[in-house]
Protein chains: 2
Amino acid sequence: MRVVHLLRAITVELDRMGERFAAGHALHPTDVRALICLLDADRTGTPATPGTLGAQLGLNSAGTTAVVDRLERLGHVRRERDTRDRRRVLLKVEENAIALGWGFFGPLIREIVTVMDRFDAAEQATIERFLGDVHEAVTRS
Amino acid sequence: MRVVHLLRAITVELDRMGERFAAGHALHPTDVRALICLLDADRTGTPATPGTLGAQLGLNSAGTTAVVDRLERLGHVRRERDTRDRRRVLLKVEENAIALGWGFFGPLIREIVTVMDRFDAAEQATIERFLGDVHEAVTRS
DNA sequence: GCAATAATCTCGCTGAGCGAGATAATGCCA
DNA sequence: TGGCATTATCTCGCTCAGCGAGATTATTGC
């Protein structure tokens, strides 16, 4: 029961961080979530379009257009026509957005890595197994 | 680095659950967060007022009034004048809201407890220590 | 070529949350 | 006791994110 509260507390704090990041860069929470989706897609090499982004964010096409407009106006994202299927628009994350994200979340990531380093190999394996199980449980629910 | 992604994935999924819960009960995400705050306060015996709630949610007084109005209209919360300091309004969670929360999040909580049971005492201690350290790191950032 | 289909964008509207200020109960001091 | 500052909450008018419906542009199949 204690771990449930800890997990929830961590979730709440991570959300708060996201909000602070948003407030500090003239972004809305949805814009931050959109940037995270786009950075993930960039990292895995998956092409991102307004359609895929809107689906991931649970927005309709009008809202998606608005999000992309805001991000483009701030110079975080660029629209590019797909040369193969000229109906599609590809979303490219600009360098400055990547730098922005790392500047804000980098310190936290480094801290978590430091926390992990204080555990030995067997303990790290236990933690990963636990988080994996929880993730599966949460995804299933 | 893997645990960072797992933690983030868990956070995302928990947020999604909150949104599904909201959508399924004619609530807005903010309303769900408010209910969680009020249930926490109820559990720990802390008196809850629009002032404290607004502070926890990061809303101003106008927005707070609107949240409480919505929750009251749906019968999840009741306003009560504090008899000692008659300027204050105490927020009481109705039974049906408590039942609603447990009905939705109960299964997940039980699943996480089940996951925990598969670890021995030493492993459970490791997991709790890890989550505690992460929580501290996240809170500090 | 001309429907049918698909991806994205435009328009008008609803409602959450904000800033400013009103209202009401309390505490303090002469 | 009366008047003034303080604290807690609510009201009003406004802005803007996101929604539904439909327009626009590109592609595919006949």
Side-chain angles (χ1 to χ4, degrees), chain A residues 15-16 18-38 41 46-74 76-92, chain B residues 15-16 18-38 41 46-74 76-92:
Chain A
D15 282 350
R16 286 239 167 89
E19 281 168 26
R20 280 206 302 280
F21 176 70
H25 294 88
L27 294 170
H28 299 271
T30 303
D31 302 349
V32 176
R33 290 177 57 194
L35 268 181
I36 291 172
C37 288
L38 294 175
T46 318
T49 70
T52 60
L53 180 64
Q56 287 173 56
L57 296 176
L59 296 180
N60 74 358
S61 64
T64 306
T65 300
V67 172
V68 176
D69 281 350
R70 290 197 297 274
L71 291 177
E72 194 171 42
R73 200 176 319 126
L74 290 168
H76 297 321
V77 155
R78 195 175 59 248
R79 279 177 167 99
E80 270 184 15
R81 275 278 162 207
D82 188 340
T83 46
R84 309 203 186 157
D85 183 342
R86 292 178 40 74
R87 287 173 302 186
R88 304 208 311 167
V89 167
L90 297 177
L91 302 175
K92 304 286 188 183
Chain B
D15 282 351
R16 287 239 168 88
E19 280 167 27
R20 280 206 303 278
F21 176 70
H25 294 87
L27 294 169
H28 298 270
T30 304
D31 303 350
V32 176
R33 290 176 57 192
L35 267 182
I36 290 172
C37 289
L38 294 175
T46 317
T49 69
T52 59
L53 179 64
Q56 286 173 57
L57 295 175
L59 296 180
N60 75 356
S61 64
T64 306
T65 298
V67 173
V68 177
D69 281 350
R70 290 197 297 272
L71 291 178
E72 195 171 41
R73 200 177 319 128
L74 290 169
H76 297 321
V77 154
R78 196 174 59 246
R79 281 178 166 97
E80 271 184 15
R81 274 278 162 207
D82 189 340
T83 45
R84 308 204 185 154
D85 183 341
R86 294 177 36 74
R87 286 171 304 184
R88 304 209 310 167
V89 167
L90 297 177
L91 301 176
K92 304 284 187 184

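Below, read A as the first sequence line, B as the second, and so on, with proteins coming before strands; counting in each chain starts at 1. The shown structure was predicted, so the numbers you read here are calculated from the model rather than taken from an experiment.
- In this model, the phosphate group of dG17(C) is approached by a side-chain N or O of Arg70(B) to a distance below 4.0 Å at OP1 or OP2.
- Separating the CZ atom of Arg33(A) from the P atom of dA17(D) is a distance of 15 Å, rounded to the nearest angstrom.
- Comparing dG22(D), dG17(C), dT11(D) by their closest approach to the side chain of Ser61(A) singles out dG22(D).
- Along DNA chain D, the nucleotide nearest to Pro50(B) and the one nearest to Thr83(A) differ in position, and the one closer to the 5' end is contacted by Pro50(B).
- Atom OG1 of Thr65(B) sits about 11.0 Å away from atom CZ of Arg70(B), to the nearest 0.5 Å.
- Positionally, the nearest nucleotide of DNA chain C for Asp85(A) lies more toward the 5' end than for the other of Asp69(A) and Asp85(A).
- The backbone N or O of Ala66(A) sits nowhere less than 3.5 Å from a side-chain atom of Asp69(A) that would complete a donor-acceptor pair.
- Going from atom CZ of Arg81(B) over to atom P of dA25(C) covers 7 Å, rounded to whole Å.
- A residue-by-residue look at Gly58(A) and Arg84(A) shows that Gly58(A) has its nearest nucleotide of DNA chain D further toward the 5' end.
- Taking atom CG of Leu74(A) as the reference point, atom P of dA17(D) lies 11 Å away to the nearest angstrom.
- Taking atom CG of Asp82(A) as the reference point, atom P of dA7(C) lies 12 Å away to the nearest angstrom.
- Rounded to an integer number of Å, the gap from CG of Asn60(B) to C1' of dT9(D) is 12 Å.
- Nucleic acid contact for Ala66(A): none, since no nucleic acid atom lies under 4.0 Å from a heavy atom of the residue.
- We find the CG-CD distance between Leu38(B) and Gln56(B) to be 8.0 Å, quoted to the nearest 0.5 Å.
- Distance Glu80(B) CD to dT9(D) C1': 16 Å, rounded to the nearest Å.
- Between the CZ atom of Arg73(A) and the P atom of dC9(C) there is a distance of 13 Å, rounded to whole Å.
- Just one residue in the list Asp82(B), Thr52(B), Leu90(B) forms a side-chain contact (heavy atoms from CB on, under 4.5 Å) with Pro47(B), and that residue is Leu90(B).
- For His25(A) against Leu74(A), the heavy-atom pair with the smallest separation is O-CD1, 4.5 Å.
- Taking only side-chain nitrogens and oxygens, Arg86(A) never comes nearer than 4.0 Å to OP1 or OP2 of dT28(D).
- At a threshold of 4.5 Å between non-hydrogen side-chain atoms, the residues Leu27(A) and Leu35(A) count as touching.
- Looking at the side chain of Thr30(A), the nearest of the listed nucleotides dG19(C), dA17(D), dT8(C) is dA17(D).
- In the region residues 20-28 of chain B, proximity to DNA chain C at under 4.0 angstrom, judged on heavy atoms, holds for His28(B).
- Side-chain contact between Leu91(A) and Thr49(A) is absent, with no heavy atoms from C-beta onward closer than 4.5 Å.
- The backbone N or O of Arg87(B) lies less than 3.5 Å from a partner atom in the side chain of Arg81(B), making a donor-acceptor pair.
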Sort me out a list of protein N/O and nucleotides 5-7 of chain D N/O pairs below 3.5 Å, or just none if empty.
| unit_1 | atom_1 | unit_2 | atom_2 | d |
| --- | --- | --- | --- | --- |
| dT7(D) | O4' | Arg87(B) | NH1 | 3.3 |

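- Considering every non-hydrogen atom in both Ala22(B) and Pro29(B), the closest pair reads CB-N, 4.2 Å.
- In this structure, CG of Leu59(A) is placed 16 Å from C1' of dA7(C), rounded to the nearest angstrom.
- Taking all atoms of both residues into account, the shortest heavy-atom contact from Pro50(A) to Val89(A) is CD-O, 3.1 Å.
- Considering only side-chain N and O atoms, Arg79(B) lies under 4.0 angstrom from the phosphate OP1 or OP2 of dC10(D).
- Between Thr64(B) and Thr49(A), the residue anchored nearer the 5' end of DNA chain C, judged by the nucleotide with its closest heavy atom, is Thr49(A).
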